[in-house]
Amino acid sequence: MSTVSLDEFLKPFSAALGRDEAPEQVESIDVQNSVQFIVSRAMAPAQIEEKFIDEVKKIGVLVKCCAPGQEASAVVEEVRRLDAANRTVLYAADAWADECGLPAALEAAGLDSVRWDASKGRDAIQEAAHLDVGVTFAYGAIAETGSVVQCSSEASGRSVCTIPPCHIAVVKRSKLFARMGELLDDLQGTYGADMPSNVSVISGPSATADIELVRVVGVHGPVHTAVIMVED
């Protein structure tokens, strides 16, 4: 256990800042008026969308925009584009899936599909491991990092977006935020103290550069990812 006092620990930092001793009080940073917040608040919706598209392209994610009601056809088109062996689809049991007619569209396209069923327990997870594409309906997206935010629930378990080698996320344009903080505020307003058990911030396909800084894709999750942006 260290025997260095707090004053002794802080002395080198104070000296580097040109002080003889550590200040007794530190003035709080006005985070809300920092440069990044000022810039993000000044961005128009079109600029936020442009920023999101630019960022997802950097991390190898395809983004497709569609009109309301066209989500199902956009998903089918993307499933066909992805290099999936048999193109079997696992989709979240979300009300949005039914509203946009996704089950019928998948069937009409001749694609084998499975609806997520949390009541199956571990069997549902094992089933996900044998399917090619997971389709989710995301809570929102973050332009600054090109991320999709996925809330886990009985209707949309984590397995849908993490186990199949391909992941397609459908998200509404109205839920596209400039920064992480804005999305977190929105989550707090939506759920309050009853937050989801898991909130995933997904920034492109699974990847790592731990070994000699060589980027390897698909280490522990989807290799191919795509975003369907619905212009609501």
- Task: Give the minimum heavy-atom separation between A72 and C100, together with the two atoms involved.
- Result: CB-O, 3.4 Å
- Query: Any Lys/Arg nitrogen of R81 or E78 sitting under 4.0 Å from an Asp/Glu carboxylate oxygen of the other?
  - Reply: yes
- Item | Within one Ile-Leu-Val-Met-Phe-Trp-Tyr cluster: I228 and V89, side-chain cutoff 4.5 Å | yes
- Evaluate side chain to side chain contact (heavy atoms under 4.5 Å, CB included) for T190 paired with Y139, printing each intermediate quantity in order. CA-CA 10 Å; T190 299; Y139 178 85; 2.8 Å; yes
- Item | Salt-bridge contact D232-K175 (side-chain N to carboxylate O under 4.0 Å) | no
- Rounded to the nearest 0.5 Å, the OH atom of Y91 sits from the CG atom of D98 at a distance of 7.0 Å
- Task: Rounded to the nearest 0.5 Å, what's the gap from CG on D94 to OG on S156? Could you check?
- Result: 7.0 Å
- Does one hydrophobic cluster hold both V61 and V148, with members joined at side-chain heavy-atom distances below 4.5 Å? yes
- Value rounded to 0.5 Å, distance of CD in E127 from NZ in K120: 4.0 Å
- Check the hydrophobic clustering (I, L, V, M, F, W, Y; side-chain heavy atoms under 4.5 Å; chains of links allowed) and say if F177 and M195 are grouped together. yes
- Message: Is there a path of hydrophobic side-chain contacts, each under 4.5 Å between heavy atoms, that joins I202 and V149?
- Response: no
- Can you tell me if E8 uses its side chain to pair, donor with acceptor, with the backbone of V4 under 3.5 Å? no
- Message: Rounded at 0.5 Å granularity, tell me how far CG in L183 sits from CZ in R179.
- Response: 12.0 Å
- Message: Walk me through whether E55 and K58 qualify under salt bridge (Lys or Arg N to Asp or Glu O under 4.0 Å).
- Response: CA-CA 5 Å; E55 292 302 319; K58 292 178 185 177; 3.0 Å; yes
- What's the spacing between H224 NE2 and I168 CD1 if we round to 0.5 Å? 11.0 Å
- Query: Shared ILVMFWY cluster between L102 and V160, side chains joined below 4.5 angstrom?
  - Reply: no
- Task: Measure the spacing between CE of M180 and OG of S147 and express it to the nearest 0.5 Å.
- Result: 6.0 Å
- Can you establish whether the number of heavy atoms outside E50 located under 6.0 Å from its atom CD is more than 12? no
- Message: Tell me whether Q47 at atom CD has more than 12 heavy atoms from other residues, nucleotides or ligands lying less than 6.0 Å away.
- Response: yes
- Nearest heavy-atom approach of P205 to V223 is CB-O, 3.2 Å
